2 protein chains.
Amino acid sequence: MTDTAKPRREQILDSASRLFSERGYHATSMRDLAGDLGMQGGSLYAHISSKEELLIEIVNQASRQFDTALFTLRGEAMPADQKLREAMYRHIRVVADNMDSATVFFHEWKHLSPEAYARVTGWRDTIDAFYRELITQGVQEGTFRADLDIKMTSYLVLSAVNWAYTWYRPGGNLGPRDVAEQFADMLLGGLRAPTGERP
Amino acid sequence: MTDTAKPRREQILDSASRLFSERGYHATSMRDLAGDLGMQGGSLYAHISSKEELLIEIVNQASRQFDTALFTLRGEAMPADQKLREAMYRHIRVVADNMDSATVFFHEWKHLSPEAYARVTGWRDTIDAFYRELITQGVQEGTFRADLDIKMTSYLVLSAVNWAYTWYRPGGNLGPRDVAEQFADMLLGGLRAPTGERP
DNA sequence: CCTACCGATCGGTAGG
DNA sequence: CCTACCGATCGGTAGG
């Protein structure tokens, strides 16, 4: 007989992710959380030390997922359009595979204590830098239009991949790959129909 | 002597928008809010009836702004690319001019009571429908690529205009018009550099 | 992991 | 608009 159950601490984090994402961090009481796990409020503190510890761990976990997904791409030698496509896929996949913690990440990071707050802000800057680098590369190598504003372009890309946490539904007929390919096609090629002839 | 001060009720709503957007609805106490206005907690209830009333009013106000901005565009006869450009401008302008209530709108609508919650969900559907209609028009008239997926395209556009609440800073050197023009240029024309010749 | 409890704070009210 | 207060609930702890 093997022990197939997740460690209790992980169960607590899973429940917390779900409840925090549905109701928000402050609107979820420790008794709500305990009830979701079939225990009494005070019992939680045998496994964790504070409510904020849960938030910190959920947010850190999400950050780490984005990092792992994107930074292996950083050094790879491929055309910028292909790299953008792959980055968007990985980014959306992290969101799609972690809808709860991604939602907590985007909504509740403001409630972190200064130290953890600073870490998240730093993470955000790192991701920004990743996309700006990618776009700069694309402009320099001639893959992307030369007149792109790097900052605005990366905002546009980040909008597309981040906003997915609001509408994406796992288990539907659209996987992260499909979403990324469609978004990348539209972003790279544009929405406008090709003109048949020039006047 | 004219009375230049805003009515107290509006002041309360302004403060509430700011505090709710910074700290979140549940993390803002009525005493925080009262303190921000230089009064005692209980005194607020001379002007309002409940905390949720504030949230409802802030969210409704934001909804109304989006409605007013977009629905006058609905019937206008113009090419879809131009209409998309204008819609994005108006949408971003509402966000930019109402950063606080827009943030509350996007983050705190889940905490509304069922009735108000349903109203917001309905609003969301209406805005979705507006953009899908616009894109459908563009495909039908040949302005947009024929192979666009209407739903995905509208998600992409909505991502761009909505996500602005996270990064836009009013008073900077970038007005809503600038942002919208740049986003529309990129979305319509694509990021990829035009190929000089075909192989 | 439970029971029983702590001080603090919550949204809201009464009476002025 | 203030003072004083209400019951309810909060995060967390002690002792088992």
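So you know, we letter chains A, B, ... as the sequences are listed, proteins then strands, and number each from 1. Please read these numbers as outputs of a predicted model, since none were measured by experiment. Values below: every heavy atom of this structure, side chains too, minus hydrogens, waters and symmetry copies.
Between Ile12(A) atom CD1 and dG11(D) atom P there is a gap of 14 Å when expressed in whole angstrom units. Distance Leu44(B) CG to dG11(C) P: 10 Å, rounded to the nearest Å. Summarising the geometry, the separation between CG on Leu55(A) and P on dG12(D) is reported as 12 Å, rounded to the nearest angstrom. With rounding to whole Å, Arg23(B) atom CZ is found 15 Å from dT9(C) atom C1'. Between the CD atom of Gln40(B) and the P atom of dA4(D) there is a distance of 11 Å, given to the nearest Å. His26(A) has its NE2 atom 15 Å from the C1' atom of dT9(D), to the nearest Å. Rounding to whole angstrom units, NZ of residue Lys51(B) and P of dT13(C) are separated by 15 Å. The nearest whole Å value for the distance from the CZ atom in Phe20(B) to the C1' atom in dG11(C) is 12 Å.
The side chain of Tyr45(B) contributes an N or O atom lying less than 4.0 Å from OP1 or OP2 of dG12(C). OP1 or OP2 of dC10(C) sits under 4.0 Å from a side-chain N or O of Ser29(B).
Checking dG12(C), dC1(D), dC5(C) against every side-chain atom of Arg31(A), the shortest atom distance belongs to dC5(C). Closest to the side chain of His47(A), out of dC1(C), dG12(C), dC1(D), is dC1(C). Looking at the side chain of Ser43(A), the nearest of the listed nucleotides dG12(D), dC2(C), dC1(D) is dC2(C).
Both Ser49(A) and Ala27(A) sit near DNA chain D, but only Ala27(A) has its closest nucleotide nearer the 5' end.
A continuous path of ILVMFWY side-chain contacts below 4.5 Å connects Leu55(A) to Tyr117(A), so both sit in one hydrophobic cluster.
Here the OG atom belonging to Ser17(B) is positioned 11.0 Å from the CD atom belonging to Glu22(B), to the nearest 0.5 angstrom. Remark: Gln182(A) CD to Leu148(B) CG distance equals 9.0 Å, nearest 0.5 Å.
Pairing partner, dC5(C): dG12(D), with both Watson-Crick or wobble hydrogen-bond distances short of 3.5 Å.
Put simply, the residue from Lys51(A), Arg18(A), Arg23(A) that forms a salt bridge (charged side-chain N to carboxylate O under 4.0 Å, His left out) with Asp32(A) is Arg23(A).
Under the 4.0 Å criterion applied to side-chain N and carboxylate O atoms, Asp185(B) and Arg85(B) are assigned as salt-bridge partners.
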